[in-house]
Amino acid sequence: MTHKKPNKITDNQAGKMMISKYFSQAQLKGLLKTGDVILPGTNESPSFSSTGCIHHIDRMAKYMSSDDLDGLKMLFSVLRWMPKWVITLLMKLCNHSNSFPSFLGAGLRMIEIGLKGVTLSPYYANLTASGYEGKKVYDVIGWHPKMIVNADGIPIKETPVNLDNPEPEDVELVYKKAKKAGPEIRDWGVKKRLQFISNLKVVILKNQEYILDRLQADTKKSRFDAITAEIFGVLDFLDYLEKNAAKVLSDRKVSTPLALMGKRSKVYFEPLGTALLISPWNYPFYQAIVPICQAFIVGNAVVFKPSSDTPLKGLVEDLLGQAGFLPGWVQIVYGSGGKIGNALVDGQPDKIFLIGSQSVGKSIMERAARYLIPVELELGGKDPMVVFEDVNLDRAVAGAIWGAFTTTGQSCTSVERLFVQASIYERFKERLVKETQKLIQATDSDGNADIGPMTTRGQVEAIAAQVADAKQKGAVFLTGDDWDGQSHFVPPMIVEGVTQDMLIDREENFGPLLPIYPFSSEADAIEMANDPDYGLSASVWSQDIKRADRVARMIFTGNVSINNVMLTEGNHALPFGGVQKSGFGRYKGEFGFYAFANIKSVLIDQNSAKMEANWFPYTAKKYKIFSDLTAALYSPGKLSGLIKFAYYGLKLETYVKKLAKKGRD
């Protein structure tokens with residue numbers, strides 16, 4: 001099977017998809033159709049639609065009166081469904097408005113002024129969409145104005161920002177741009193922001209093969225790994241946002257206690273401002289798009305730093321641009337974390353979200369503490385898989401192989417410790433070795449390889465050190481024993497006889513290493529599965545769902561799959577994160593929205609003359625009444641308590657009114 005490989009992002013009309021803050025998609029279609037009637041273009045000049053000048057319509061709409069804007073919106077909604085010949089006839093009638101009765105002629109003149117104003121203005125202002133390569137209107141008419149903005153005749157241009165290994169002064173400009181963009185993003189509202197998410201889905205699907213080529217070039221992972229984990233996973237997450245973001249982020253009414261009768265309580269979910277997102281090298285597309293879109297949909301501007309090992313340079317910003325994201329909304333900064341990490345934190349974003357190693361997490365957290373910047377960390381794991389004797393053996397073996405070796409073991413939730421009940425241990429081990437030896441490891445372009453080589457030289461060296469240490473201390477390698485310790489094609493290795501003094505047992509194995517251990521009882525399995533340091537994910541396998549659930553509750557971790565593996569992150573309605581040294585905080589699902597939101601509590605009272613009982617002045621009599629009211633409200637006996645509460649409440653209110661008028665006795 002072969003596929004045609006595109007060598008660049010597939011462009012669409014006028015450079016990117018159009019989303020307006022003021023007009024619906026139907027209204028924009030009406031404007032586009034009307035523009036082509038008024039400005040159809042000639043052999044020498046472009047048409048209204050071909051220039052993409054419609055992308056600048058919001059710049060005009062922003063300064064229109066609400067009446068004018070509402071009128072245009074209504075007009076474009078109607079014109080959307082009219083054939084062009086009807087619009088052409090309407091414009092001709094407008095040209096002869098003086099021939100009609102005054103009220104009708106005035107209406108036609110208003111229509112003409114509105115339609116021509118909103119189409120001719122951006123067209124003859126030489127405005128085009130980004131990516132437009134056709135003739136410019138100024139070139140056609142031979143007019144090239146010069147903008148003079150100071151006494152020297154030098155136009156002031158926006159200072160270009162260096163995003164590739166930026167210096168501290170460049171990072172400062174990045175944050176200035178982000179802070180300027182933040183209020184604009186917030187002003188669009190969730191439902192409008194979701195249109196950009198929908199556009200992004202279309203753009204990703206349209207460019208799927210190119211994205212996969214770029215992913216394989218940077219990560220070396222198998223094409224099937226890339227499409228399932230990166231493309232499908234991203235699209236599924238964007239689909240989750242489309243279906244849930246508006247509901248989760250809408251204002252929420254909450255209950256108000258009886259003691260606050262007459263008042264209302266709400267919760268607002270508002271953006272924090274600017275989010276700094278730092279992602280790892282193992283899933284560079286998924287871990288770019290998912291946190292970027294999670295932060296953006298809440299209303300934040302984003303500064304994103306990908307790993308310097310797999311930066312996918314230029315890809316994400318091109319896709320976002322195609323989807324209509326405006327400049328400054330998402331800025332991607334490239335470079336080594338050691339060089340630019342401190343400057344990114346010193347820019348004082350409003351939130352930092354990092355997926356990475358413990359060492360980087362500690363460094364970021366320590367730096368952020370200087371400025372009291374809230375931080376969420378998703379760090380490494382040492383994930384256990386617990387297999388009881390009543391499982392379907394073939395399925396559990398297949399799950400263990402995939403969970404340990406997908407993406408060549410370079411996943412934070414890979415199976416790194418396989419615990420199998422002693423009664424089936426030998427049979428399970430035999431099947432595990434046999435099926436693992438069938439895996440195809442290669443650099444593929446058609447989806448026919450199971451796993452690829454490892455991504456970075458540094459990680460190959462880390463695995464080599466763990467392997468050498470394990471062999472020296474007596475571990476038995478059931479597969480992959482012939483690896484030379486140098487090649488990036490690190491084979492899947494099943495290891496038996498692992499002890500607690502080995503690096504392979506203590507450290508995260510970010511590669512295709514699978515230690516296997518027998519256990520005797522449920523209590524034994526729980527004790528072995530509970531790692532003293534990590535707690536990111538786990539899986540429990542048993543025909544007895546009650547037992548599996550019981551064990552899942554006893555494993556101290558952030559995520560558990562029962563009778564499956566690495567699947568909690570496959571459901572984007574579930575939050576994701578770890579405990580202990582695997583990090584803290586949650587993203588994705590409902591809780592993921594909250595990670596990037598200011599959760600604001602609001603209590604609403606009437607603007608009345610009523611004084612509150614807990615306000616000054618305090619008196620002994622007020623104290624006595626309030627004490628009786630408290631006892632009535634919270635003592636046992638609901639009916640009698642409510643009656644007493646009503647009595648003392650009325651008594652207290654009467655006394656407070658008296659105090660407000662006459663003061664203390």
Side-chain angles (χ1 to χ4, degrees), residues 182-183 185-194 240-273 275 294-300 350-351 353 372-374 376 573-575 577 584-619 622-660:
I185 298 170
R186 174 175 176 162
D187 193 42
W188 278 77
V190 177
K191 291 183 179 179
K192 279 288 185 180
R193 291 196 290 270
L194 280 171
Y240 172 80
L241 292 185
E242 287 180 312
K243 294 174 180 176
N244 295 277
K247 178 182 177 181
V248 172
L249 293 171
S250 62
D251 296 348
R252 195 171 303 176
K253 293 180 181 179
V254 297
S255 62
T256 304
L258 186 60
L260 299 180
M261 186 184 300
K263 301 168 177 59
R264 292 177 291 130
S265 303
K266 290 186 176 183
V267 178
Y268 300 158
F269 301 95
E270 299 175 346
L272 293 169
Q294 186 96 71
F296 166 76
I297 202 64
V298 180
N300 298 285
D350 300 290
K351 183 66 178 279
F353 175 75
L372 296 179
I373 302 171
E376 293 203 21
L574 287 172
F584 46 81
R586 296 293 183 269
Y587 86 113
K588 296 194 291 190
E590 181 177 339
F591 296 93
F593 295 107
Y594 305 153
F596 297 103
N598 171 30
I599 304 174
K600 182 182 289 183
S601 300
V602 180
L603 192 139
I604 304 165
D605 202 352
Q606 302 300 317
N607 183 27
S608 66
K610 180 182 177 181
M611 300 297 172
E612 296 294 330
N614 58 300
W615 292 356
F616 300 129
Y618 293 162
T619 68
K622 184 195 276 191
Y623 176 84
K624 177 64 171 62
I625 300 172
F626 197 88
S627 180
D628 291 338
L629 180 145
T630 302
L633 182 58
Y634 298 112
S635 294
K638 288 187 177 181
L639 183 58
S640 61
L642 285 174
I643 293 172
K644 290 179 181 178
F645 172 75
Y647 168 74
Y648 288 117
L650 184 60
K651 186 176 181 180
L652 183 61
E653 185 174 348
T654 302
Y655 181 65
V656 168
K657 285 181 180 179
K658 180 181 177 183
L659 278 178

Show the nearest heavy-atom pair for residues [X] and [Y], with the distance to one decimal.
X    : Y    : value
K644 : A632 : CB-CB, 3.5 Å
K622 : V656 : CE-CG2, 4.2 Å
A259 : L633 : CB-CD2, 4.3 Å
A613 : L652 : CB-CD2, 3.4 Å
V248 : R252 : O-NH2, 3.0 Å
T256 : S265 : OG1-OG, 2.8 Å

With distance as the sole test, does [X] use its side chain to make a donor-acceptor pair with the main-chain N or O of [Y] at under 3.5 Å?
X    : Y    : answer
R193 : I185 : yes
K351 : A595 : yes
N300 : P271 : no
D187 : P183 : no

Check the pair R186 / E270 against side-chain contact (heavy atoms from CB on, under 4.5 Å), numbers first and verdict last.
-> CA-CA 8 Å; R186 174 175 176 162; E270 299 175 346; 3.5 Å; yes

Answer yes or no: is there a side-chain heavy-atom contact under 4.5 Å between [X] and [Y]?
X    : Y    : value
M611 : K657 : no
V267 : V602 : no
L194 : I297 : yes
L258 : L642 : yes

Nearest 0.5 Å, what's the [atom1]-[atom2] distance between [X] and [Y]?
X    : Y    : atom1 : atom2 : answer
M261 : E653 : CE    : CD    : 9.5 Å
L241 : L249 : CG    : CG    : 9.5 Å
S255 : R264 : OG    : CZ    : 14.5 Å
K658 : T619 : NZ    : OG1   : 10.0 Å
I604 : K253 : CD1   : NZ    : 9.5 Å

Is the ring centre of F645 less than 6.0 Å from the ring centre of Y647?
->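 No, the ring of F645 stays outside the 6.0 Å limit from the ring of Y647, centre to centre.
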
Do the two ring centres, one from F269 and one from F593, sit under 6.0 Å apart?
->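 Not close enough - the centres of the two rings lie 6.0 Å or further apart.
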
NZ/NE/NH1/NH2 to OD/OE distance under 4.0 Å, [X] and [Y]:
X    : Y    : result
R586 : E376 : no
K263 : D605 : yes
K247 : E590 : no

Step by step, would you call Q294 with V298 a side-chain contact (heavy atoms from CB on, under 4.5 Å)?
-> CA-CA 7 Å; Q294 186 96 71; V298 180; 5.5 Å; no

Above 12 or not: heavy atoms from other molecules or residues under 6.0 Å from CD of E612?
->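 Result for CD/E612: enclosed.
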
Residue F626 excluded, over 12 heavy atoms near CZ under 6.0 Å |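 Open: at most 12 neighbouring heavy atoms sit under 6.0 Å from CZ of F626.
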
Derivation of the ring-ring contact (aromatic ring centres under 6.0 Å, His included) call for Y618 and Y623 = CA-CA 7 Å; Y618 293 162; Y623 176 84; 9.4 Å; no

If we ignore angles and hydrogens, is there a donor and acceptor under 3.5 Å between the side chains of Y648 and T630?
->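 No donor-acceptor contact under 3.5 Å links the two side chains.
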
Apply side-chain contact (heavy atoms from CB on, under 4.5 Å) to the pair F296 and F596, showing each step before the final yes or no.
-> CA-CA 9 Å; F296 166 76; F596 297 103; over 6 Å; no

